[in-house]
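Data first, discussion second: the structure below is written as structure tokens.
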Amino acid sequence: MSSLTDSPTQAPPAGGNSPTRRAWARFRRNRLGYWSLLIFCVVVLLSLVAEMISNDRPLLVRYQGQFYVPVLQDYPETTFGGDFQTPADYLDPFIRERLAQPGNWVVYAPNPYGPKTLNYFAKSPNPSAPSRDNWLGTDDRGRDLLAQLIYGFRVSVLFALALTVTGVLLGVLTGAIQGYFGGKTDLAFQRFIEIWSAMPELYLLIIFSAVFAPSLALLLVLLSLFGWMGLSDYVRAEFLRNRQLDYVRAARALGVGNWQIIRRHVLPNSLTPVVTFLPFRMSGAILALTSLDFLGLGVPPGTPSLGELLSQGKNNIDAWWISLSTFAVLVLTLLLLTFMGDALRDALDPRKAEQ
């Protein structure tokens, strides 16, 4: 018999054994996927502050007793002893000499080049090989390749995130309507999807790029018009299965409205395929943007782009550093997303729910 002084068994904290926590624990046990998530998040966060990492403007300047923040504000050349009212070129040897005088100091970014900076003072013709000035070399226009990769990665990831969010919202909405209401509603949506999926997406992109000025917004709209159909099928299947369960029938019997049942009961239990496919949808969006940029149908000219760099590598076979570095960034990005997707799929697998 246990002693009266023995402490009673304490109940586990609320939510400590919830399905979400168990899924997160299974995700963390997949070391490859977990570390891929950490690395990807760190790289994305660093790309969001790319101006602090790669910029042709100093982060902070102290000149003749006054402080300036060129990374946030334009200053004319006359501010630092020049002759013109044009914005100061901080790569100009004259400006650098003025800023290096006694009593002055400058805090430069680790890579002193921006995405559109032309290195007029390169010691070799463009595209130039990696050197102390340009760590990964320059492209055929004289722009620093490292800066192009940093800003191009940011553009690709943010575009992929926006396209993924838009596609998920449209796919979940259409799939929920089809799967929950069924019948003629489902039949009409299925016929519409069959017709819409037969539209020549690439031809439409070519036509619109010829009619309108190329922009990321236009590209996002056009790709979003077709990117929701794949996810819609999975959500529809989940709703078709879940709408017949007892708790949904009980909610209907209690007089709960259809949209409230969808939002509060069916949708939370149908999001497994949505969450599982998120990394893979981002991978597809990055590949789509890169492919269109490679073909000249993507971002406006002058925008940092991984696809444009691959096109430059194709046109400049001898400049191996362009193709190699761009290919490495693209492959590593897709590998991280794939590892995350695999780990997420295993973590949400119902067959492993009891593990």
Side-chain angles (χ1 to χ4, degrees), residues 44-159 213-218 293 298-306 308-309 312 319 321-322 325-326:
V44 171
L45 290 176
L46 289 177
S47 70
L48 294 179
V49 292
E51 287 78 9
M52 302 297 173
I53 300 173
S54 182
N55 205 326
D56 57 354
R57 301 182 180 189
L59 307 181
L60 184 64
V61 173
R62 186 180 187 275
Y63 180 76
Q64 295 183 350
Q66 296 187 5
F67 288 94
Y68 302 91
V69 189
V71 71
L72 300 178
Q73 182 178 349
D74 287 331
Y75 297 101
E77 187 179 299
T78 54
T79 305
F80 307 108
D83 299 323
F84 304 101
Q85 290 292 331
T86 56
D89 181 4
Y90 299 96
L91 296 179
D92 189 340
F94 173 77
I95 298 297
R96 290 211 165 193
E97 181 182 354
R98 298 286 300 178
L99 296 178
Q101 291 180 354
N104 304 331
W105 51 265
V106 186
V107 178
Y108 290 101
N111 185 48
Y113 297 98
K116 300 181 181 180
T117 306
L118 300 180
N119 188 2
Y120 295 107
F121 308 100
K123 298 178 182 179
S124 56
N126 299 318
S128 61
S131 63
R132 293 180 58 185
D133 294 331
N134 303 100
W135 299 341
L136 295 181
T138 63
D139 62 7
D140 57 6
R141 302 176 190 176
R143 300 174 300 183
D144 182 71
L145 191 57
L146 178 58
Q148 287 285 299
L149 291 175
I150 293 174
Y151 286 87
F153 173 81
R154 180 171 72 177
V155 170
S156 298
V157 169
L158 293 181
F159 178 84
S215 67
L216 281 172
L218 176 63
D293 289 340
V299 298
T303 305
S305 164
L306 299 180
E308 187 206 357
L309 290 177
Q312 287 194 30
W321 53 90
I322 300 178
S325 57
T326 308

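For Tyr75, the ring-ring contact (aromatic ring centres under 6.0 Å, His included) criterion is met by Tyr68, not counting sequence neighbours. For the ring-ring contact (aromatic ring centres under 6.0 Å, His included) test, residues two or more places apart in sequence or in another chain that qualify with Phe67 are Trp105.
Two residues are said to be in side-chain contact when any heavy atoms from C-beta on lie closer than 4.5 Å; Pro214 and Pro301 meet this criterion. Under the 4.5 Å side-chain criterion, counting only non-hydrogen atoms from C-beta, Val106 is not in contact with Leu60. With contacts defined as side-chain heavy-atom distances shorter than 4.5 Å, the pair Val44/Phe153 qualifies. Asp144 is not listed as a side-chain neighbour of Thr117, based on a closest heavy-atom distance of 4.5 Å or more.
Here the straight-line distance linking atom OG1 of Thr303 with atom CZ of Phe159 works out to 12.0 Å at 0.5 Å rounding. Once rounded to the nearest 0.5 Å, the distance linking CZ of Arg141 with CD of Gln148 reads 8.0 Å. The CG atom of Asp139 lies 11.0 Å from the CH2 atom of Trp321; values are rounded to the nearest 0.5 Å. The line from OG1 of Thr138 to CZ of Arg143 is 10.0 Å long, rounded to the nearest 0.5 Å. Between Tyr151 atom OH and Leu306 atom CG the span is 14.5 Å, to the nearest 0.5 Å. Rounding to the nearest 0.5 Å gives a distance of 10.5 Å between CZ of Arg57 and CD of Glu51.
Residues Ile322 and Leu309 come closest through the heavy atom pair CG2-O, 3.3 Å. For the residue pair Phe94 and Gly82, the shortest heavy atom distance occurs at CE2-CA, 3.8 Å. In terms of heavy-atom proximity, Gln85 sits nearest to Pro76 at O-CB, 3.5 Å. Nearest heavy-atom pair, Asp133 versus Tyr113, reported as atom, atom and distance to 0.1 Å: O-CE1, 3.1 Å. The minimum heavy-atom distance linking Ser54 with Ala109 is given by the pair N-CB, 4.2 Å. Scanning all heavy atoms of the two residues, the minimum distance from Arg154 to Leu48 falls at NH1-O, 3.4 Å.
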For Leu158 and Leu216, run side chain to side chain contact (heavy atoms under 4.5 Å, CB included): C-alpha distance rounded to whole Å, both residues' side-chain angles, the deciding distance at 0.1 Å, then the answer. CA-CA 11 Å; Leu158 293 181; Leu216 281 172; over 6 Å; no
May I have the step-by-step check of side chain to side chain contact (heavy atoms under 4.5 Å, CB included) for Asn111 and Ile53, ending in yes or no? CA-CA 6 Å; Asn111 185 48; Ile53 300 173; 5.6 Å; no
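Remark: Glu97 CD is loosely packed, at most 12 non-hydrogen atoms of other residues, nucleotides or ligands lying under 6.0 Å away.
Checking side-chain atoms of Asn134 against main-chain N and O of Leu145 turns up no donor-acceptor pair under 3.5 Å. The backbone N or O of Tyr90 lies less than 3.5 Å from a partner atom in the side chain of Arg96, making a donor-acceptor pair. Checked by atom type and distance alone, the side chain of Ser47 never pairs as donor or acceptor with a backbone atom of Ile150 at under 3.5 Å. Asn104 contributes a side-chain N or O that, together with a main-chain N or O of Gln64, makes up a donor-acceptor pair within less than 3.5 Å.
Between Glu77 and Arg98 no salt bridge is recorded (no basic side-chain N to carboxylate O distance below 4.0 Å). Salt-bridge check for Lys116 with Asp56: failed, with every basic side-chain N at 4.0 Å or more from each acidic carboxylate O.
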